[in-house]
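As structure tokens, the structure follows; a few thoughts come after it.
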Amino acid sequence: MQLGQRFKKLRRDRHITLVQAAGTDCSPSALSKFENGKSQLSAEVFISIITRLHIDWAEFRPTHGPQQTLFIQHYHEAVENHNICQLMTLRAALRELDPQLQRYRTEYYIVELTLGQEAPNLIVVAQSLVTAALDYLVQIDYWNNAAFILAALLVTRVPVAVLDAMTTQVMYQRKLANLPAEKIARADDLLVDIALQRARLGDLTGARLTLAEYQPPVIPDLVAAAHYRFVDCYIRQQTGDQQAGGEVQQLLGFLTMINAGATAKRWRQQIAPIKKTPPQLE
């Protein structure tokens, strides 16, 4: 696939219009001709566009698309099976694949943060990595599936002030034109996670405001609807509503009943008390 054609596919995958991609770097018609192999862009203009859209140069490797899809596939398998060895294998593969750019790749951040979450005694996540991952994430104009995974992993590692910025970015992503239903659902689920973390940090007003941004579909997914209800009850429980506390436990029991025990476990972890003196980060 030619460079222009590859760029066109990446642009469309991210739902970026020609006008948005061209920006002030070139005219939309010039970019269109480049995408269709009718002309070339100067290296300076192309680099400027790629940088502004935060597209990883590794995306232009002929096999990157399939590799990324395969990575996400293996990643989900490892997480669902709590397979630390598989996660470590993915980590090693990423380092071997791209040792120079590993700290700037979404996949690298995802693996490191997941290992820190699933195996804290084995992997200690450095604060510098959290900061770098967050800086990288909030500058991406159009989030793909990997970016949403990264955002969800960062939610529990940042202070309330940063959650404000993340909420703004999630709302921006949600309002993009022609956004697929799958990504709208991901954005909504992320808003609910942010609301929960706000409540855990004592920001109950911010938690309610964030949760209010959630816009359920006409026929919501069963687990998604339960997730919203769970967080709503948890927020009310934090304000002293004892009945809401009972509903939280009922919802966890409901998940187990419908064979969603892994989800129930994750939700229990999410409402576990936050340690007052967290371990020092590398």
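Just so you know, these numbers come straight off a predicted model, no measurement behind them.
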| Residue Arg268 excluded, over 12 heavy atoms near CZ under 6.0 Å |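 For Arg268, atom CZ is crowded (more than 12 foreign heavy atoms under 6.0 Å).
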| query | Tyr142: what forms a ring pair (Phe, Tyr, Trp, His ring centres under 6.0 Å) with it, not counting sequence neighbours? | reply |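 With neighbours one apart ignored, the set is empty.
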| request: Sequence neighbours left out, what passes ring pair (Phe, Tyr, Trp, His ring centres under 6.0 Å) with Phe148? Give chain and number order. | output: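 Ring pair (Phe, Tyr, Trp, His ring centres under 6.0 Å) list for Phe148, sorted by chain: Trp143.
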| Nearest 0.5 Å, what's the CG-NE2 distance between Asp188 and His227? |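 Between atom CG of Asp188 and atom NE2 of His227 there are 11.0 Å.
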| field | Interatomic spacing from CG in Leu163 to CG in Leu201 - rounded to 0.5 Å | value |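 Atom-to-atom, Leu163:CG and Leu201:CG are 6.5 Å apart.
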| Is the closest side-chain donor-acceptor distance between Arg200 and Gln197 under 3.5 Å? |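 Present: a donor and an acceptor within the cut-off.
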| said: Show me the pairs that pass ring-ring contact (aromatic ring centres under 6.0 Å, His included) and involve residues 238-261, at least two apart or across chains. | reply: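 Those involving residues 238-261 do not exist here.
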| query | Residues two or more places apart in sequence or in another chain: which of them pass salt bridge (charged side-chain N to carboxylate O under 4.0 Å, His left out) with Glu80? | reply |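 Glu80 satisfies salt bridge (charged side-chain N to carboxylate O under 4.0 Å, His left out) with no other residue.
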| request: Specify the closest pair of heavy atoms between Gln86 and His74, including all atoms of both residues, with the distance to one decimal. | output: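 That would be NE2-O, 3.3 Å.
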| field | Glu182: side-chain contact (heavy atoms from CB on, under 4.5 Å) partners, not counting sequence neighbours | value |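 Partners of Glu182 under the side-chain contact (heavy atoms from CB on, under 4.5 Å) test: Asn145, Arg186.
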| Residue pairs passing the salt bridge (Lys or Arg N to Asp or Glu O under 4.0 Å) test where at least one lies in residues 26-41, sequence neighbours excluded |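 Listed by first then second residue: Arg11-Glu35.
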| said: Any heavy-atom pair between the side chains of Thr106 and Ile149 that's under 4.5 Å? | reply: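 Result no, sub-4.5 Å side-chain heavy-atom pair not found.
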